[in-house]
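Heavy-atom basis, side chains included; hydrogens, waters and symmetry copies ignored. Residue numbers start from 1 in every chain, and the chains themselves are labelled A, B, ... in the order their sequence lines are given, proteins ahead of strands. Only a predicted model underlies this, so the values are computations on that prediction, with no experimental measurement involved.
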Amino acid sequence: MRLSVAAAISHGRVHRRLGLGPRSRLDLLRNLVTALVRHERIEAPWARADEMRGYAERLIDYAKLGDTNEQAMRMANFWLTEKDLIHKLFKVLAPRFQPHPGKYTRLLQIPNRDSLDRAKMAVIELKGNPYPPLIRPRCDSEKTLLNQLLKGYREDIQRATAPRAPEGTAV
Amino acid sequence: MAVLVVFSSPLSRLRGLLQRCWGRLERGLLPVFSGPRSLPWGPALAVQAPAFLPEPVEDASQSNEVPSFLDSILWMAAPKKRRTIEVNRCRRRNPSKLIKVKRNIDVCLECGHLKQKHVLCGYCYAKVKAETRQIRLEMRKKEGGPFNAPTVETVVLYDGEQPTEKDEGKQIIERARKRPSWFIQN
């Protein structure tokens with residue numbers, strides 16, 4: 001028998017509540033999507049960026065259908081409040097992501113905001129943007145030339161010093 | 001909401017209490033509410049009581065009890081005993097109350113500053129952010145006014161760099177400085 005009020009407990013609820021209400025949440029996300037399409041790399045609170053990511057990727061999927069598609073044009077018209085970005089979406093972003101099947105955005109966490117609220121912030125960017133990369137993939141492995149040369153040098157040193165020790169201990 | 005008061009004490013205590021309240025009312029010592037609800041002679045509190053009150057037989061038993069204003073029907077929760085320092089220590093030093101030690105702090109391999117494992121390095125991110133801002137200023141100068149988003153891809157070239165055949169058809173943004181080591185040309 002449930003003794004606690006269901007409305008006051010939110011265990012396991014997955015949907016986020018942003019802004020002042022459902023309409024306000026959609027307006028917030030719409031502003032963020034517009035900013036992402038304009039600037040291709042934005043900083044935002046992590047929850048908002050995470051929420052917006054799905055909408056942005058679906059918008060690009062719609063854009064891939066082509067600008068003659070009525071549904072795609074209606075979606076772009078709703079989600080992009082600045083109408084010059086509709087041109088950018090269909091002419092720049094759709095061809096850029098045509099070969100990719102999905103996952104057009106990258107979401108990375110950055111240090112907490114400096115103001116009093118210390119909010120968890122994230123930077124969300126479209127892949128293939130012209131700016132400097134945020135993470136440099138490090139390719140250090142055993143098989144690189146430098147590491148193989150160092151390994152050979154280390155083995156040479158060991159072979160040079162090792163024969164002397166067993167002779168000493170055997171006698 | 002009416003307050004239901006349950007009297008489990010014997011009847012004499014109830015009778016004494018009600019008599020004291022009534023006596024105070026008659027003497028005008030109880031607070032009289034001035035307003036639409038002012039009833040100087042009506043009961044201020046509705047209390048569950050038997051229909052009739054037995055006649056007061058003797059007052060000697062009641063004179064032993066000191067009549068006090070603090071003899072109120074509403075009671076508040078209060079601690080019974082002082083919490084000892086041992087109990088206080090157990091509560092204050094319980095692991096759930098102590099600040100957790102973070103073990104996910106690493107050194108950034110690029111710059112040597114500290115960073116959390118799942119978070120970008122603050123110094124490196126600030127560097128990239130400053131350079132991005134400079135690139136965006138150049139782009140704004142090229143666009144001229146507001147709402148002039150370019151309809152072609154963009155490429156950033158530094159001092160002494162020429163566009164390759166891959167960069168055909170792209171808008172070129174010139175930056176008047178040497179290419180930083182962490183911005184690899186694709």
* Inter-chain contacts: residues 34-50 of chain A against chain B, heavy atoms under 4.5 Å -> A/R38, A/H39, A/R41, A/E43
* Proximity of residues 82-91 of chain A to chain B, residues having a non-hydrogen atom under 4.5 angstrom -> A/E82, A/D84, A/L85, A/H87, A/K88, A/K91
* Asked: Are A/V33 and A/L18 joined in one hydrophobic group, where the rule is that I, L, V, M, F, W and Y side chains link up if heavy atoms are under 4.5 Å apart?
  -> yes
* Same cluster for A/L93 and A/W79 if Ile/Leu/Val/Met/Phe/Trp/Tyr side chains link at under 4.5 Å? -> yes
* Structure fact -> Contact list (residues 92-127 of chain B to chain A, heavy-atom gap under 4.5 Å, by number) returns B/L109, B/E110, B/H118, B/V119, B/L120, B/G122, B/Y125
* Asked: Does A/R16 CZ have over 12 foreign heavy atoms under 6.0 Å away?
  -> yes
* Asked: Heavy-atom count around A/L20 CG within 6.0 Å, excluding the residue itself: above 12?
  -> no
* Structure fact -> Most contact-rich option vs chain B, by heavy-atom pairs under 4.5 angstrom, among A/I135, A/L108, A/N129, is A/L108
* Structure fact -> In short, B/F183 meets A/P130 closest at the heavy-atom pair CZ-O, 3.5 Å
* Asked: Which pair of non-hydrogen atoms, one from B/V128 and one from A/P132, has the smallest distance, and what is that distance?
  -> CG1-O, 3.9 Å
* Asked: For B/R83, does the CZ atom have more than 12 heavy-atom neighbours from other residues, nucleotides or ligands under 6.0 Å away?
  -> no
* For B/R133, look at atom CZ and say whether over 12 heavy atoms of other residues, nucleotides or ligands are found less than 6.0 Å away. => no
* Structure fact -> Nearest heavy-atom approach of B/M139 to A/Y131 is SD-OH, 4.0 Å
* Neighbours of chain A found in residues 147-164 of chain B - heavy atoms under 4.5 Å -> B/F147, B/N148, B/A149, B/P150, B/T151, B/V152, B/E153, B/T154, B/V156
* **Common cluster, A/L126/B/I173, ILVMFWY with side-chain heavy-atom separation under 4.5 Å** => no
